[in-house]
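What you see is a predicted model, and the numbers here were worked out from it, not measured in a lab. Start at 1 and go down the list; that is how both ligands and their atoms are numbered. Residues: numbered from 1 along the sequence shown.
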Amino acid sequence: LLDIKWFTESMEAGHPVTVEDRHTLQVNPKPNIDPTAVLIKAYACQRRTPLKHHNSFLTDALEILSQNAEYNDNEGRSVAFRRAASVLKALPYRVKNMEDLKSLPCLGDHSQRVIKEILEDGSSREVESTRQSDQFQAMKALTGIFGVGVRTADRWFREGLRSPDDLFRTGQQLNRAQQAGVQYYDDLQKPVTKAEADVISDIVEKAVRAVLPGAEIRLMGGFRRGKEVGHDVDFLITHPEEGKEEGLMPKITNWLEEQGLLLYQKTTRNSYLEKMDGPARAPNNMDRFERCFSIFKLQTGSERASVSGWRAVRVDLVVSPYSQFAFATLGWTGSKLFERELRRWAGQEKHMSLSSHALFDSKQNLYLRAKTEEEIFAYLGLEFIPPSERNA
Ligand code: DCT
Ligand code: MG
């Protein structure tokens, strides 16, 4: 109550209200918010972005345009639309008119045009025609295949292919991942639920404990941020005695394979060496941990003969040395935009280089060690944002 009183008084006194006041707002969901008094910071990693927000009717549209730009290999444009959408996710109110947007960062002309049209007409012609376009739908279907990226999908689209069925029909050459992707396409299109992620957590835990007692396993990605569904399940694995984690992945996958739990797996080895790699990141920001891309065969508990009784689920396993675990945890929690913004903040504002392995301070010319995510935020001069509010 005191909080609400303080909040109302701040508003009346014309004091700016920051997104950090969200908790106050949640106590009193319909306060008289003056949108022009809400301060939104420019980097997503400076803001709290909850999973559920007030502006899906705008962010869904902007994310279609972002997605389409990505399909057209236009990264700059794609990120611009994503940043605009992300700002709207952080707002403690539903946008009603263009005045509400006046003091907000990251809203370019194009995004504003789209928002204006939706506010005035209920939808944007550009968004609707994109959504319905042959190219957008084909790219969505083709990049939706496990193992298929934008480049390959684009080549297939130019060759006249539109769906996974077309790949079969025309006898396309597929690699092992893509073959699995086509084979389990329908299952992999279905969202993975939190309940399914929990069952997989138990399995992964059992496998890891069987081959390396004392290892620690953490559920990462969207589920760590509180999502109820995801496109896959991500895990990070480590062991408090550095070195014990070496060569762990093949042991885990062998165990899983023996139990008949894997439909597909491909392991890449850890290739990160601080001395040799330095603070620089791989160009695509991919980290270089020992990693396993897999497809699990998950029993669905259905005993009926008419139902197959299992489904395919995408699972990503990552092994990190203990000394890099805090960085790996931060890097694998997401969201993708939050991660991107953290790295941009580090580079542009702090002259530091952040990856899922390390934080390098270019001014002091040294690596900053951390045991927790909180320490990394502190090094970066950022307020700690908990995983549930990193849904940028
Ligand atoms: N990640 C990243 N940059 C990428 C890809 C991934 O920073 N280009 C990080 C952030 C999230 C984490 O890895 C897991 O990736 P995804 O599974 O693709 O994302 P997610 O948030 O877990 O989404 P979903 O719920 O759909 O699985
Ligand atoms: Mg995920």
Side-chain angles (χ1 to χ4, degrees), residues 43-45 49-52 59-60 63 66-67 69-70 73 75 78-79 82-83 85-86 89 140 143-151 177 181 187-198 200-201 204 217-237 268 272 281-296 298 312-320 324-347 353-359 373 376 385-392:
Y43 288 80
C45 54
T49 313
L51 195 57
K52 296 196 174 115
T59 58
D60 289 353
E63 281 174 347
S66 169
Q67 187 69 263
E70 201 176 309
D73 205 21
E75 200 189 349
S78 172
V79 174
R82 210 164 283 280
R83 281 207 190 106
S86 175
K89 291 180 189 177
K140 193 170 168 180
T143 56
I145 304 170
F146 174 67
V148 178
V150 166
R151 283 244 176 93
D187 266 2
L188 299 185
Q189 288 297 303
K190 285 186 236 152
V192 186
T193 65
K194 178 65 167 59
E196 288 169 329
D198 288 339
I200 290 176
S201 294
V204 170
I217 302 116
R218 223 182 241 183
L219 181 60
M220 305 304 300
F223 289 115
R224 183 163 188 249
R225 302 196 308 276
K227 281 178 70 176
E228 280 143 30
V229 293
H231 94 285
D232 68 356
V233 195
D234 309 288
F235 293 97
L236 188 56
I237 303 160
T268 54
Y272 178 79
R281 298 182 302 268
N284 56 5
N285 278 325
M286 284 289 286
D287 55 58
R288 279 163 288 170
F289 291 117
E290 187 175 33
R291 178 171 180 179
C292 176
F293 300 91
S294 74
I295 301 176
F296 269 48
L298 178 67
V313 178
R314 286 266 300 104
V315 178
D316 263 10
L317 303 172
V318 180
V319 172
S320 151
Q324 296 169 27
F325 193 55
F327 297 99
T329 301
L330 180 57
W332 276 84
T333 299
S335 69
K336 284 185 196 96
L337 184 70
F338 192 91
E339 300 297 334
R340 195 186 177 106
E341 294 278 279
L342 270 176
R343 295 189 291 255
R344 191 165 71 92
W345 168 270
S353 172
L354 175 70
S355 73
S356 295
H357 298 280
L359 179 62
E373 287 185 313
I376 305 171
I385 309 283
S388 62
E389 298 191 282
R390 294 182 204 160
N391 289 293

Which residues pass the side chain to side chain donor-acceptor pair (under 3.5 Å) test with Asp198, sequence neighbours left out?
-> Lys194
Which residues pass the side chain to side chain donor-acceptor pair (under 3.5 Å) test with Thr143, sequence neighbours left out?
-> none
For the Mg ion (ligand 2), protein N, O or S atoms at a distance below 2.8 Å amount to 2
Structural part of Asp234 in contact with ligand 1, heavy atom criterion under 4.0 angstrom = side chain
Ligand 1-proximal atoms of His231, by part, heavy-atom distance under 4.0 Å = both
Gly331 near ligand 1, heavy-atom distance under 4.0 Å?
-> yes
Contact check, Met220 vs ligand 1, heavy-atom distance below 4.0 Å | no
Using a 4.5 Å cut-off on heavy atoms from C-beta on, say whether the side chain of [Y] contacts that of [X].
X: Thr49; Y: Phe338; answer: no
X: Leu219; Y: Arg224; answer: no
X: Arg218; Y: Trp332; answer: no

With atoms numbered from 1 as shown, which atoms in ligand 1 lie under 4.0 angstrom from a non-hydrogen atom of [X]?
X: Gly334; value: 10 (C), 11 (C)
X: Arg225; value: 21 (O)
X: Gly230; value: 25 (O)
X: Gly221; value: 22 (O)

Note: heavy atom closest to atom 1 (N) of ligand 1, options Lys336, Arg340, Arg224, belongs to Lys336
Given Glu339 and Lys336, is the salt bridge (charged side-chain N to carboxylate O under 4.0 Å, His left out) satisfied, shown in steps?
-> CA-CA 5 Å; Glu339 300 297 334; Lys336 284 185 196 96; over 6 Å; no
How are the rings of Tyr43 and Trp345 set to each other: parallel, tilted or perpendicular (split at 30° and 60°)?
-> perpendicular
Taking atom CD of Glu228 as the centre, report whether more than 12 heavy atoms of other residues, nucleotides or ligands fall under 6.0 Å from it.
-> no
If you look at every heavy atom in Ser86 and Leu337, which pair is closest and at what distance?
-> CB-CD2, 3.3 Å
Non-hydrogen atoms of Ala358 and Tyr272 that approach each other most closely = CB-OH, 3.8 Å
Taking only residues two or more places apart in sequence, or in another chain, which ones meet Glu196 in a salt bridge (charged side-chain N to carboxylate O under 4.0 Å, His left out)?
-> Arg311
Check: Lys227 N/O within less than 3.5 Å of ligand 1 N/O | yes
